[in-house]
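Because the structure is predicted, anything quoted here is derived from the model rather than measured. As a basis for the values below, the full set of heavy atoms in this structure was taken, side chains included, without hydrogen atoms, waters or symmetry mates. To find a chain, count down the sequence lines: A is the first, B the second, and so on, and within it residues start at 1.
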2 protein chains.
Amino acid sequence: MTSEKLDRRKKYTRMVLKDSLLKLLKQKTFSSITVKEICELADINRSTFYAHYQDPFQLLETIEDEIIADMRKYLHTYNLQEKEDALRMTEKLIQYFSAKHEELQILLNKSGELSFERKVRHVAEQFMMNKMTSEEKNTHLPEYVSKFIISGSIEVLKIGYLRDVRNHQKKWRS
Amino acid sequence: MTSEKLDRRKKYTRMVLKDSLLKLLKQKTFSSITVKEICELADINRSTFYAHYQDPFQLLETIEDEIIADMRKYLHTYNLQEKEDALRMTEKLIQYFSAKHEELQILLNKSGELSFERKVRHVAEQFMMNKMTSEEKNTHLPEYVSKFIISGSIEVLKIGYLRDVRNHQKKWRS
DNA sequence: AACTGTCTGTTGATTATCCAACACCGTGTT
DNA sequence: AACACGGTGTTGGATAATCAACAGACAGTT
């Protein structure tokens, strides 16, 4: 942990730049987005952009990395409990997807680059497989189940219906 | 017009400070609000506050003055048309109240100080009386009517139902 | 009365952002 | 080919905001 001491100004600048890029990604393809555009939307001077990021791609990478780190952290807190069953783990996973559906949906859909999707799948899989007993691991069944659940969640998330899923969640649990 | 050249940073700082004060006024009385509190909510250094305003009261005054100026400007554009009838003028007035109901409601209700309310009434009255013919003015009737309408609007606004009024506006016009 | 904690108003040194300007490049126009 | 246009990446000086620190005022505790 290189403890970056973050000035309020830096924090604000980076935040609005990230927000701007995400907003723009809703509307147009990544490669069509210009530095100038990002800065105008963020109301930040263009030279300030270059003080933080080399180019839009590096900004995008930063956003992705932060989401991955956040996801890892979130899931890790629930990893501590011993031997949760698959259903509860799935629930946690979907809760996270649901909470961050706005960003995740955008990032997963910016077709072309699917490295982000790979990373998400990887973290999710680690989480699901983590607490299996070694005997369970010998049968490859849990692996298939994990992959199945994760793929399903991600594809649904991409389409954008996950919010509805969350809304109906209570009903299902009865 | 002392043409204030406004740096983006100044604009942002002042904006968040104003927003913060308004948010706090929703929750507590003006005199119980501290500079520190405003700055923490705005995420602005306290010393920066003093670079812009002497104290919370001056900040409040600024907010009020800007609303008054904005209101005057808005109504002025509709003042240009000749001889609009009272009904249409009233409509414009209420439209403005409705558009700004969030701020207006807060500012009008911070009981104690009613100087702001006086200013609002004054601007509104000017607007209503402005286009009366001199014969009309001789009878004091329009004066009473204006006062009546304005008082009514303001009181309704204070209670917070004006949004509902706007929502039902279309029905009334039929 | 001494003590504690909190807000105040101000300061000086440091850092971040702004702005305007620049040369460069690629694309499209005439 | 010459040209205008718009985005790029970079610079230097001006300006604004940050942070940390300070002494003073005040209210509540012990």
**Message:** Taking the nucleotide of DNA chain D with the nearest heavy atom to each, does Val35(A) or Ala51(B) sit closer to the 5' end?
**Reply:** Val35(A)

**Prompt:** Which pairs with one or both residues in residues 35-49 of chain A pass side chain to side chain donor-acceptor pair (under 3.5 Å), sequence neighbours excluded?
**Reply:** Lys28(A)-Glu37(A), Asp43(A)-Arg8(B), Asn45(A)-Ser47(A)

**Prompt:** Whole Å only: how far is the NZ atom of Lys10(B) from the P atom of dT15(D)?
**Reply:** 10 Å

**Prompt:** Nearest 0.5 Å, what's the OH-CG distance between Tyr96(A) and Leu157(A)?
**Reply:** 11.0 Å

For nucleotides 19-26 of chain C, which of its nitrogen or oxygen atoms have a protein nitrogen or oxygen under 3.5 Å away, and what is each distance?
{"unit_1": "dC19(C)", "atom_1": "OP2", "unit_2": "Arg8(B)", "atom_2": "NH1", "d": "3.3"}
{"unit_1": "dC19(C)", "atom_1": "N4", "unit_2": "Ser47(A)", "atom_2": "OG", "d": "3.2"}

**Message:** Need one value for Thr48(B): base, sugar-phosphate or nothing, where a base atom within 4.0 Å counts as base even if backbone is also close, heavy atoms only.
**Reply:** base

**Item:** base_contact_polar (dA17(D) base, Arg9(B) side chain, donor-acceptor, <3.5 Å)
**Value:** no

**Request:** Would you indicate, yes or no, if dA16(C) has its OP1 or OP2 atom less than 4.0 angstrom from a side-chain nitrogen or oxygen of His52(A)?
**Result:** no

**Request:** Round to the nearest Å and state the distance from Ile38(A) atom CD1 to dG9(D) atom P.
**Result:** 11 Å

**Asked** Under 4.0 Å: is that the gap between some side-chain N or O of Thr13(B) and OP1 or OP2 of dA17(D)?
**Response** yes

**Request:** Could you tell me the separation between the CG atom of Leu107(A) and the CD1 atom of Ile63(A), rounded to the nearest 0.5 Å?
**Result:** 6.5 Å

N/O to N/O distances under 3.5 Å, protein versus nucleotides 24-29 of chain D:
none

**Request:** Return the minimal non-hydrogen interatomic distance between Ile33(A) and Pro56(A), and the atom names on each side.
**Result:** O-CG, 4.5 Å

**Request:** Please state how far atom OH in Tyr12(A) lies from atom P in dA16(D), giving the value in whole angstrom units.
**Result:** 17 Å

**From Arg14(B) atom CZ to Tyr53(B) atom OH, the distance as rounded to the nearest 0.5 Å** = 5.5 Å

**Asked** In whole angstroms, how far is the P atom of dT10(D) from the CZ atom of Phe49(A)?
**Response** 12 Å

**Asked** Met89(B) and Phe127(B): which non-hydrogen atoms are nearest, and at how many Å?
**Response** CE-O, 2.8 Å

**Request:** Report yes or no: does His101(A) contribute a side-chain atom to a donor-acceptor pair with the main-chain N or O of Ser98(A) at less than 3.5 Å?
**Result:** yes

**Among dC7(C), dT10(C), dG9(D), the one nearest Tyr50(B) by side-chain distance** = dT10(C)

**Request:** Work out which heavy atom in Phe49(B) is nearest to a heavy atom in Cys39(B); give both atom names and the distance.
**Result:** CB-SG, 3.6 Å

**Prompt:** More than 12 non-hydrogen atoms from neighbouring residues, nucleotides or ligands closer than 6.0 Å to NE2 on His122(B), yes or no?
**Reply:** no

**Prompt:** Between dC7(C) atom P and Lys36(B) atom NZ, what is the distance in whole Å?
**Reply:** 4 Å

**Message:** Rounded to whole Å, how long is the line connecting atom CG of Asp55(B) with atom P of dT10(C)?
**Reply:** 10 Å

**Prompt:** What is the distance, rounded to the nearest whole Å, between atom CD of Glu37(A) and atom P of dG6(D)?
**Reply:** 14 Å

**Message:** I need the CD1-C1' distance between Ile44(B) and dA16(C), as an integer number of Å.
**Reply:** 13 Å

